[in-house]
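Read through the structure below, which is laid out as structure tokens, and then see the notes.
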Amino acid sequence: DKCSNGSRGALVVLEGLDRCGKTSQSTRLVKKLEELGYPAELFRFPDRNTVIGKMISSYLNSDSQLDDHTVHLLFSANRWEKRSLMESKLQSGITLIVDRYAYSGVAFSAAKGLDIEWCKAPDMGLLAPDLVLYLDISPEKASERGGYGGERYEQLEFQKKVAQAYQVLRDASWKIIDASLSVEDVEEQMRGILLDCAKTCRNGKSLSQLWL
Ligand code: NYM
């Protein structure tokens, strides 16, 4: 068993605009890791299965209205309610592929005009990712992909603002993936980077905290 020597899994986050392909790529990466002998699981935020997640889901479907700050804090709380579970999975040797994380929280709220520092504050102290993969696609191209599903935020003008907020947020450690290519070619760009990261974590890199 991979965990018997105490080595941990990697925390890998996929970020990007709506319709950038994160969800199908996350599923593929979990399968690929498993094939290569790295136990892996998929997490996604928002996690709509919790009580808080159901409030978020209702807001996204426009079944409820919430103040921008309120919903921002709900998204953050939804990550906090998974923090200890994520930590124990990582410590037991499981690599987590996470479809959206705190960066989505900041980018989408900043796109509404909220202050970036205010947006970051509630997520400080969450587990810091070992790797952030940014699936880069133009808002125009993303909007052409099978159309948007009609949820809140799925509009071209808003997505342009989200893209700008991600630009402000990203740092040199992020890996920028060309997400305009085929599913196979997008995965190909990520595979090597992902395996390097999984190896580094297995070899004892320690977990750290976000934005502290
Ligand atoms: N979203 C997601 C936020 O606004 N803040 C967050 O913290 C997170 C995690 O929710 N348009 C937005 C981005 C998406 C929407 O996500 C639902 P998904 O990946 O479509 O289920």
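Hydrogens, waters and symmetry mates play no part in the numbers below; they use all other heavy atoms, side chains included. First listed ligand is number 1; within each ligand, the first listed atom is number 1.
Distance from atom 19 (O) of ligand 1 to its nearest protein heavy atom, with residue and atom name: R100 NE, 2.9 Å. Regarding atom 15 (C) of ligand 1, its nearest protein heavy-atom neighbour is L60 CD1, 3.8 Å. Scanning the protein heavy atoms around atom 2 (C) of ligand 1, the nearest turns out to be F75 CE2, 3.5 Å. What sits closest to atom 4 (O) of ligand 1 on the protein, heavy atoms only, is F108 CB, 3.2 Å. In terms of protein heavy atoms, atom 14 (C) of ligand 1 is closest to D18 OD1, 3.3 Å.
Of the polar atoms of Y101, none of the N or O atoms is found under 3.5 Å from an N or O of ligand 1, judged by distance alone. Residue-to-ligand polar distances keep E151 apart from ligand 1: every N/O pair is separated by 3.5 Å or more.
Expressed to the nearest 0.5 Å, how far CG of L156 lies from NZ of K161 amounts to 11.5 Å.
The aromatic rings of H69 and W118 lie perpendicular to each other, with more than 60° between the two planes, well past the 30° mark.
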Considering only distance and modelled atom types, tabulate donor-acceptor pairs under 3.5 Å from the side chains of residues 205-212, sequence neighbours left out.
unit_1, atom_1, unit_2, atom_2, d
K205, NZ, D130, OD1, 2.8

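Panel note: side chain S76, backbone H72; no donor-acceptor pair is recorded below 3.5 Å. Panel note: side chain N203, backbone K199; a donor-acceptor pair is recorded below 3.5 Å.
Residue contact check: P46 has heavy atoms under 4.0 Å from atoms 2 (C), 9 (C), 16 (O), 17 (C) of ligand 1. Using a 4.0 Å cut-off to heavy atoms of G105, the atoms of ligand 1 that qualify are 5 (N), 6 (C), 7 (O). Atom numbering of ligand 1 starts at 1 in the shown order; those under 4.0 Å from a heavy atom of F45 are 9 (C). When each atom of ligand 1 is checked for a heavy atom of R79 under 4.0 Å away, the hits are 6 (C), 7 (O), 9 (C).
Ranked by closest heavy atom to atom 17 (C) of ligand 1, the top entry among K112, R48, E15 is R48.
When each of W174, Y103, Y166 is paired with E15, the side-chain hydrogen bond (donor to acceptor under 3.5 Å, both in side chains) condition holds for Y166 and for no other.
In this structure, R19 forms no cation-pi arrangement with Y148, as its terminal cationic atom is not both closer than 6.0 Å to the ring centre and no more than 45° off the ring axis. Taking the centre and axis of the six-membered ring of Y59, the NZ or CZ atom of R152 falls inside the cone set by 45° and 6.0 Å.
Under 4.0 Å is where a charged nitrogen must lie from a carboxylate oxygen, and between R83 and E87 at least one such pair does.
Not a single heavy atom of H72 sits closer than 4.0 Å to an atom of ligand 1.
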